[in-house]
Every structure is written in structure tokens, then in C-alpha cells.
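Input: a single structure, listed below in C-alpha cells.
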Amino acid sequence: MRALRLAPRAVLAVYAHPDDADVAAGGALAAWARAGARVDLVVVCDGAKGSHSPLQEAGALAERRRAELTAAAERLGVAEVTCLNRPDGEVTNDVGLRRALVGLVRERRPDVVVGPDPTATFFGGVYVNHRDHRETGWALLDAVAPAAAMPLYFPEMGEAHRVGTVLLSGTHEPDVVVDVSGTIEEKVAAVRTHASQLGGDAEAMGEAVRERAAAAGRPVGAAFGEAFRCLELAL
Ligand SMILES: [Zn+2]
């Protein structure tokens, strides 16, 4: 495990659901934005099924989550949020999603891309990683390496662009930690903005976020950290 000190110019974060980026990488995104990077966020799903209550109306939930997403992104300093509005639970690493992601990579031209590690399926014998997370991760990897970098893939989607660094969150094989000690409060605030997902206990969620970040930071001596699997793509 090593501390990762990046000074990116442009960052593109791609996640499945409206609250995923804050939980996974909110501290790092806020730190890079504060340091002057342009940070853009892509959310693949509409968030309309993110409730355990059968009484929840899907359209109203999607609308509420969109508002939460906008507020959370503001807390992190995200420049622009792009919603692809795929129905929750129906993300597939298909050619349409890859084309959309290639288009965004070529338009924003990030040096760092952040997203979910699609190889992580089971967590602690109690949790199955959501299909939308896995499919989003695979689509992002396929879009970045190699499609976006090769001009004959989706030539209608802009000029080819090579991404240097890919950081994967929610991974079983983390090898870098980003120190988020300076932005842990932004991360906590962003996570707590998603009130529809907290079951009413925002205080406990804030504590859980701090505890998890403290554990992630420990191997590199950071008060708070976020761990990733890091790929430095060969050019
Ligand atoms: Zn999610």
C-alpha cells in the first residue's frame, strides 16, 4: 500500500447511482477540485429503485435523488454532473453505454478516471456487490482501455483520448490510498446529503464514514483516506 499524491488537471468519475461517488471517492474528488482540477461526475442510473419501502413511488424517488445528487456534487466542488438515466438494476455493459462513456472521456479529456472495481462481487460473506456497480465498472474499463484511446472505435464520438490513471474503488485489491484528511468533512456532508438513502440516521452515517476513512488512511499514516486499485495505463 502506498500513498498516492496526484495533481490531476481533469478528473472524470463514473458511478452507477446518485450516492455512489460520495461514498467511494468523495474525499479525493473534493481534494482534487480544491487543488484546481476540473472534476466531472457521470451517474449512469436514475436512482428510481433505491428504496426498501414498497410504498415509495419510483418517479418521485428519482426526482428527490436528483436533487440530493446536485447538492452533494456542489459540496464536493464537482463542475458538472451528467446523468445517463438508465433504469436502476438494468445497467448492462452494452455498446450504447460504452459509446456514451467514450464520448464523455473524449469530450472532458481527463488524466484521471475514477469508478467502481467490477471484479469485486462478494463483501464479507454478507453483501453482493450491486449488478449496476459491476456493469458500470466493466463498461468504464472497456471505454477507457482501449476504446476512447483508439480513433477507429466510435469515430463519431470525438477525437481519441488516452487516460493515464484509472482508480477503482470498492475493490478487494487496493494498492493506493489518497489522503482525504483535508476534505473528510466535505465527504461526510456529501454522503449525508443523500437523505433518502440514510434511513433517517444521518449522525450514525457520518460516524460510519469517518470510521471507514480512518481505517483506510491508517496504512499510510493519514488521519483519513480513501483506498483504490490504481492502474497506470501504458501509453
Ligand atoms: Zn450504488
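Each ligand, and each atom within it, is numbered from 1 in the order the structure gives. Basis for what follows: all heavy atoms, side chains included, without hydrogens, waters or symmetry-related copies.
Looking at D20, its N, O or S atom nearest to the Zn ion (ligand 1) turns out to be OD1.
Taking all atoms of both residues into account, the shortest heavy-atom contact from G26 to E226 is N-OE2, 3.3 Å.
Not a single N, O or S atom of D19, from either the backbone or the side chain, sits less than 2.8 Å from the Zn ion (ligand 1). Here H17 reaches the Zn ion (ligand 1): one of its N/O/S atoms is less than 2.8 Å from the metal. Using a cut-off of 2.8 Å, one finds that H133 contributes an N/O/S atom close to the Zn ion (ligand 1).
Interatomic distance, E74 CD to L69 CG, rounded to the nearest 0.5 Å: 10.5 Å.
Paired with L4 under the rule side-chain contact (heavy atoms from CB on, under 4.5 Å), one option of D175, V220, V177, V178 passes, and it is V178.
Taking a 6.0 Å sphere around CZ of R131, one finds it holds more than 12 heavy atoms contributed by other residues, nucleotides or ligands.
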